[in-house]
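Here the structure is a predicted model, which is why all the values come from computation and not from measurement. Chain letters run A, B, ... following the sequence lines, proteins first and then strands; every chain starts at 1.
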Protein chains: 2
Amino acid sequence: MKSRKLYNRISVLRKEKGISRQDLADIIGVNFQTIGYLEREEYNPSLDLAFKISEYFGLPIELIFSPKPLKSLIGEIVELKNKIGGK
Amino acid sequence: MKSRKLYNRISVLRKEKGISRQDLADIIGVNFQTIGYLEREEYNPSLDLAFKISEYFGLPIELIFSPKPLKSLIGEIVELKNKIGGK
DNA sequence: ACTTTTTGTTGTAAATATACAATACTTTGA
DNA sequence: TCAAAGTATTGTATATTTACAACAAAAAGT
């Protein structure tokens, strides 16, 4: 199965936490270069690795990874505000 | 990274839909034996394949796959009813 | 400006997921 | 009970992910 390129927000989330790739890699238990490959979206994580990342950030997989390009977090917020604000 | 064994509900969900592995495989675009391996939990899907399965069933990945053994669907329901019913 | 830390790049090797084929076993249904 | 459909098993081949190392480039802190 030729697998689709997936998009993710790892680098943004990691920066919000203020940790380095090495730190994140250590916590999760992978090589720090693996985090690099994921952030650059050079390949997709295994489902298990995706779960580990999702557990670390305390967020569902769908909020971190997506088959469709992810909008910026700020963009998400604006969109949600519009939805709530009604009209 | 030695990857953890993951659990899933593919066979139950597939049976609820009343389709065969071959059918599911065709829809998703993988070999039918791959579905077999996943249902028997002999290996984990890639994140992309997990997304495809999740898209087909219209359910979030977390409801289909889990690092911890999944309780039966009926078990989930009972638990939720207890939670709602209070006490 | 200099030093250190972080990130990117390239290359190789190992582990794991997926495909495919052939055949046996099991279940279902007529 | 027999036939067909579905599932399991075994084996081999390919693709993809992960690890690891060494070095270059960039960013951050002093």
Among D:dT10, D:dA8, C:dT18, the nucleotide that comes nearest once only the side chain of B:Y37 is considered: D:dT10
Starting the side chain at C-beta, find the nucleotide from C:dT6, D:dT18, D:dA8 nearest to B:R21. D:dA8
Figure out the [atom1]/[atom2] separation between [X] and [N], and round it to whole Å.
X: A:I10; N: D:dT18; atom1: CD1; atom2: P; value: 10 Å
X: B:L6; N: C:dA17; atom1: CG; atom2: P; value: 9 Å
X: B:K15; N: C:dT27; atom1: NZ; atom2: P; value: 11 Å
X: B:L24; N: D:dT7; atom1: CG; atom2: P; value: 10 Å
X: A:K5; N: D:dT16; atom1: NZ; atom2: C1'; value: 15 Å

So the side chain to side chain donor-acceptor pair (under 3.5 Å) pairs with at least one residue in residues 64-74 of chain B (sequence neighbours excluded) are B:K71-B:E79
Looking at [Y], is [X] sitting on its ring face, NZ or CZ under 6.0 Å from the six-membered ring centre and within 45 degrees of the normal?
X: B:K52; Y: B:F57; answer: no
X: B:K17; Y: B:Y56; answer: yes
X: A:R9; Y: A:Y7; answer: no

Would you say the side chain of [Y] lies within less than 4.5 Å of the side chain of [X], judging by non-hydrogen atoms?
X: A:E62; Y: B:I61; value: yes
X: A:L38; Y: A:N44; value: no
X: B:P45; Y: B:F65; value: yes
X: A:E41; Y: A:L6; value: no

Can a side chain N or O of [X] be found less than 4.0 Å away from OP1 or OP2 on [N]?
X: A:R14; N: C:dT7; answer: yes
X: B:N31; N: C:dC20; answer: yes
X: A:S3; N: D:dT16; answer: no

Using heavy-atom distances to pick each residue's nearest nucleotide on DNA chain D, tell me which of A:T34 and A:K2 is more 5'. A:K2
Once base and sugar-phosphate atoms are separated, protein heavy atoms under 4.0 Å mark nucleotides 22-30 of chain D, 5' to 3', with B, S and - as B--------
Whether the side chain of B:R21 engages the backbone of B:F32 through a donor-acceptor N/O pair (distance < 3.5 Å, no angle test) should be reported. no
What residues 38-68 of chain A contributes to the DNA chain C interface at heavy-atom separation below 4.0 Å is A:R40
